[in-house]
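The block underneath contains the structure these notes are about, expressed in structure tokens.
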Protein chains: 2
Amino acid sequence: MSTKPASTRDRLTLNAVKLFRQKGYHGVGLAEILAESDAPKGSLYHHFPNGKADLAVAAATLASDMLLQTIDDSFANAPTFREGGTNLCFKLAKFFDISGTWDGCPVSGILFDGPENEVFRDHANSIFTGWLNRVAEHARRLNEPRPDEKAEMLLITIQGAWTLARARRDSDVLRALPSKFLGPCESEA
Amino acid sequence: MSTKPASTRDRLTLNAVKLFRQKGYHGVGLAEILAESDAPKGSLYHHFPNGKADLAVAAATLASDMLLQTIDDSFANAPTFREGGTNLCFKLAKFFDISGTWDGCPVSGILFDGPENEVFRDHANSIFTGWLNRVAEHARRLNEPRPDEKAEMLLITIQGAWTLARARRDSDVLRALPSKFLGPCESEA
DNA sequence: GCACCTCTGGACCGAACGGTCTAGAGCCAT
DNA sequence: ATGGCTCTAGACCGTTCGGTCCAGAGGTGC
């Protein structure tokens, strides 16, 4: 569809991320991914010998890496955990908005909906754990008390708010998270 | 597959809920639902003239009603909002456990993954709003301050924790919610 | 030139998909 | 018994699915 900015492999992976997030693993056909990537079937099975399942794992991994980068960006210059978390929520809200298609969580859409495969479940779990550890790292670095709990809290609320945002087609609930979950306990009226 | 406990229509709807929650809308074929319900194709299209889409809407509605009932049960005899919320988290955790298949949220799996249809999106939104209003009602009845905010907070965290529970195949994160989100602000060490 | 290798292009396949259609079973009222 | 209704039963349809296969384009080293 669009121009060819990168290698065929990268185009396939990137478009797979986009489409899987929109419609889930089973909701997207290979034909659509190939058309969007302007690639023939032979290329797909050259780069991903096991076909759709391989592609999904690669897509989930790529999406996970992008989120890890977003986490790092959010906390890099933040003086406090609260501020870093706020950055993250706002970045994700903006990310949600610019997609224009109210995409789902990259991991849920790709891996939960995937073939009922132990490998997929484990991959999803390890990706979530990776996010959790990364956030907890920043929390620890910023001397936040109970860093693991705080990290889990942040990710749980983001995950839930993202789902609600999807239903409402409105990312405001993501932006409202910090004042509700990261703020001092009883600051607002 | 199993015995016929109810009308064909009810069996179809109930099995649709079960299967859609396990594998999402596109992950389940009509053949599987029909086999599980011991019903022929003609029956499905008699009760649901628009086929799979109709069935999905009916399934989502049924699942939503079941959750509304669980909400009411949780808050019925609870003296405080905190206690009602705790009941809800524990009931859902048990529900998650007994399924044995780490099913997803009934609405997400059925409606987000469904055909890219305005009707489906709106239905998902109205179902979420229904849950929110129901919880807020109980909060108001129990004199909880800021009932709407508290209801939204509870549902967001449940939604997020459910996703994490699915990845981990362990419902403990749901059971741990109350002490983290519903408790007094800084009670634990 | 030639051999070699990576990658592309697309025809082709059987299976599964959602959906249509008609025959008739079973039941009730007349 | 007969006509009319609801619901079941499943054959059948065209389409799309993921996957296989092979011919050959294009580059690189010799």
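Letters A, B, ... are given to chains in the order of the sequence lines, protein chains preceding strands, and every chain is numbered from 1.
Base engagement by B:Gly42 is indicated by at least one non-hydrogen atom pair under 4.0 Å involving a base atom.
Here A:Thr8 does not reach the OP1 or OP2 of C:dC7: none of its side-chain N or O atoms lies under 4.0 Å away. Residue A:His47 places at least one side-chain N or O under 4.0 Å from the OP1 or OP2 atom of C:dT8.
The CG-P distance, from B:Leu12 to D:dC7, rounds to 13 Å in whole Å. In this structure, B:Asp10 places its CG atom 11 Å from P of D:dT8, rounding to the nearest Å. Rounded to whole Å, atom C1' of C:dC13 lies 15 Å from atom CG of A:Leu30. Remark: C1' of C:dC7 and CZ of A:Phe48 are 13 Å apart, rounded to the nearest angstrom. Protein atom NE2 of A:His26 is 9 Å distant from nucleotide atom P of D:dG18, rounded to whole Å. In this structure, NZ of B:Lys23 is placed 14 Å from C1' of C:dC17, rounded to the nearest angstrom. Here C:dG18 presents its C1' atom at 15 Å from CD of B:Glu32, a figure rounded to the nearest Å. The distance between atom CG of A:Asp54 and atom C1' of D:dG18, rounded to the nearest whole Å, is 13 Å.
No side-chain donor-acceptor contact under 3.5 Å links B:Ser108 to the backbone of B:Gly104.
A donor-acceptor contact under 3.5 Å links the side chain of B:Lys41 to the base of C:dG19.
Cluster membership check: A:Leu132 shares its hydrophobic cluster with B:Leu174, using side-chain heavy-atom separations under 4.5 Å among Ile, Leu, Val, Met, Phe, Trp and Tyr.
Nearest to the side chain of A:Tyr45, among C:dG10, D:dG18, C:dC17, sits D:dG18. Checking C:dT6, D:dT8, D:dG19 against the side-chain heavy atoms of A:His46 singles out C:dT6 as nearest. The side chain of A:Lys52 sits closest to D:dG18 out of D:dG10, C:dG10, D:dG18.
Classification of the B:Phe75-B:His138 ring pair by plane angle, with boundaries at 30° and 60°, yields parallel.
In this structure, B:Arg169 is positioned above the aromatic face of B:Trp102, its NZ or CZ under 6.0 Å from the six-membered ring centre and within 45° of the axis.
Using a 4.0 Å cut-off between a side-chain N of Lys or Arg and a carboxylate O of Asp or Glu, A:Glu32 and A:Lys23 qualify as a salt bridge.
Between B:Arg9 and A:Tyr25, the residue anchored nearer the 5' end of DNA chain D, judged by the nucleotide with its closest heavy atom, is B:Arg9.
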